[in-house]
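Just below is one structure, and these are the notes that go with it.
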Amino acid sequence: MRLDVTNVEATAGDYQVDLVTEGAAEVSASSHKLNLAANARRGLTLDLIGKGVGPASLSVRISGPDGLSIERKYTLLTRPAFPAIERRTVRELARGESIVIDSNLLADVVPGTGALSITVSPQNGIDVPSLLVALDRYPYGCSEQITSRALPLLYVNELAQENQLALDKSIDERIKEAITRVLARQNSEGAFGLWSSSSAADTWLHAYVTDFLTRAREKGFSVPEAQFKLALNKLRNAVQLGSNRGGDQNTEAIAYALYVLARNGVAPVGDLRYLADAKLEDLVTPLSRGQLAAALSLHGDKLRAEKVFNAALEVLPRDELAPVAGRDDYGSPLRDAAGIVAVATEAGVENTVRVALTRLQLARAVTPHTSTQENAWMVLAARAFAREAQRVSLSIDGTEHKGNYFRTIRSTDLQGKTIRIANNGDRPVQVVIGIRGAPVDAEPAAEKGFKISRTYRMLDGTPIADVTKVTQNERMVVVLRAVPTELVAGRLLLVDFLPAGFEIDNPRLVAGGKTGNLKWLGQMSETGPSEFRDDRFVAAFDRRDGDKNPIAVAYIVRAVSPGKYAHPPAMIEDMYRPDRFARTEAGTLEVVPASR
C-alpha cells in the first residue's frame, strides 16, 4: 500500500502520521514521522496485511505544527483466497448414545468463513440447515436459482426456528427480494425469462416461478395482481397450445402448468383428465406425473390422483439414482423423488410419500454435490417426516428436546464451545453434519467431465510464461478454454476468480467474432449472460447434446495494486449436475511497483 502526504498550505515542519486498523487487516508499521517543506510531497510504502475475513478499516491520523490534526478513514473488505468447499458426514446415533460437536470440525476452514449445520432426525437424506445455507449463499442468480433460494423459506417456520439457521438475511426480507427480482424478469406476455425478461421462453421455468409466487401469496406475501394474472394467463395459453397441437409441446412442462393452475383453482379439468387417461405415457419424468396427480387431487379427483401417483413411482428409479445431464426441466432422480414427496405430502397420499422418501434417501447417498433445484425440493419434502419426528427425543447440552433438531452455527459462535447431543428416544436417529467455508489451503486441480485451462498473454498475443510476478499497470489478456469430456447438454457456468491485485480493465468480453484488435485469439465462443465483478469474471453457456466445440473466452485485466496475493482458480461446472466440473491449479503471485 502506498500513502502519499502532500503539504498544500500548512506550515513546514515535522508531522506525525499514525495508522490505526480495525477488523480483518493490519499494517506493517503504524507510526511514522515526515518532514514536509511547503508544497512538498512524501510517500510511505507499507504492507497492508489481511489477517482475517470480513470488514476492516484504516484510519490515517496526521498531526503537526500549529495544532494541525487531520483524520481520514478508509473502509476495506478482505475476502477468502479460495472458493468455499462443502463436506457432509452421516452417522447413526443409537439409543442412549451421544455425540460431541466442537470447532475442530472446522479446523481446515478459514476462521470467520465457516458454518456447521446439524440435522438430527429419523432419516439421513434431508439435512435442512445445510440445504438452506447452500441456497442462502449461492452466489449467482438466474431465475431458477432466485426462486430456489426463496421457495423453501416459505415453509421454514414449519421446520425450525429462524434464529437457529444463521441465514445471512431475514426470511421475509429474502422472500420479498426474490419476488421483486423475478417479477422484473417478466415480459409483456407474462413469461419469466431465465436471466432477463428478454430470455427465451421456457414453460417449465415459468411454471416454477409462478408456483413460487402462488405459494408466496398463500403465505400472505404481496404479489402485484396484474403481473400475477398475466403469469397465470401465460400458463393457460401454454396448456391450450399444447392441447391444440396434440401434445407435441413439452408435456412435462404442461403437467407443471396444470398443477400451478389447479393450485389457483383455475385448471381446466378436462385437460387434467385427458392427460391422465390418454397421455400419461407421454409424461416421462416422475415429477411431471406427480404434479399431474397432485393437480387431480386438488380438484377432488382422488381416484385418478392415486392412479397417477402410482404411475409416478413406477418411473422413479430404484437403482439408477445418480444425477443425469441434459434434462430440460433442471431435474434429476433426487429432485424428482423430493418433488414427489413434497406434492404427495400436501395431497395426503401417505403410501406415495413413504416409497418416494425411501428412494430420495437412496438418491441422496449417491449425489454428493447437489443443485439449487434439488436443494429447494428437498427442503419442501422435509415436511413429510414431521409426524415421524414426534418420536425423536434428544438432549442438547442437557436440555430436553422433542422432535427433529435443525441448527446452523457460524464458526465464530462455536469457537471454544462444544455441543453434546444425546439420543434419549427408543430408536436410532441419524446425525448429519454439514460443513461449509473457505478452505485454508486451495483444493487441487480437478477434471470431472471437463478439461479447463487458463493462460495469460500480452496484448499482441505473446504468451506470458510466468504470471507469478507482474508489474503494476501491466495489461494482460486472460484466455479461458474448457473442453467437455462428455458430449451432453447442460447449463454451464464458467468462473474465473481474480487475484486481489488485479481488476478487469474493460468490462467487455472478447467473444464470438468480436475480437477487435486481438485477432490472434481466433474464434471465441458466444456466451449467455456474463458478469464482470470486482472479484471474478462469470459467463453462462447452454450446451446441446453432441456439441464437440470447445468453450473459449477472453477478457483483459490490469495489475493495479502492488503486493503479494493468492491466485484463485478458474472453474467450470454444470449448474444442474454439479458433479460435472473442472478447476485449474491455484497459486500465488506478486504485483511489483511500477518504476517511478
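- Ring planes of Y208 and Y256: tilted class, angle from 30 to 60°.
- In terms of the salt bridge (charged side-chain N to carboxylate O under 4.0 Å, His left out) criterion, residue partners of K402 (sequence neighbours excluded) are, by chain and number, E400.
- With sequence neighbours excluded, the residues forming a salt bridge (charged side-chain N to carboxylate O under 4.0 Å, His left out) with R580 are E486, D574, listed by chain and number.
- With a 4.5 Å cut-off on side-chain heavy atoms, S196 and P529 do not count as touching.
- Pairs of residues two or more places apart, or lying in two chains, that qualify as side-chain hydrogen bond (donor to acceptor under 3.5 Å, both in side chains) and include a residue from residues 431-443 are E86-R436.
- A cation-pi geometry, defined here as NZ or CZ lying under 6.0 Å from the six-membered ring centre and within 45° of its normal, holds between R217 and F228.
- Of all heavy-atom pairs between N187 and S197, the closest is CB-O, 3.4 Å.
- Every residue two or more places apart in sequence or in another chain was checked for a ring-ring contact (aromatic ring centres under 6.0 Å, His included) with H299, and none qualifies.
- The stretch residues 175-201 participates, sequence neighbours left out, in these salt bridge (Lys or Arg N to Asp or Glu O under 4.0 Å) pairs: K169-E177, R174-E177, E189-K234.
- Closest approach of P129 and T408 over heavy atoms only: CB-OG1, 3.2 Å.
- With sequence neighbours left out, the side-chain hydrogen bond (donor to acceptor under 3.5 Å, both in side chains) criterion links R215 to Y155, D211, Y259, E346.
- For the pair R491 and Y330, the cation-pi criterion (under 6.0 Å, within 45° of the ring axis) is fulfilled.
- Between F532 and Y555, the angle of the ring planes goes over 60°, which puts this pair in the perpendicular group of the 30/60° scheme.
- In this structure, Q415 contributes its side chain and T412 its backbone to no donor-acceptor pair below 3.5 Å.
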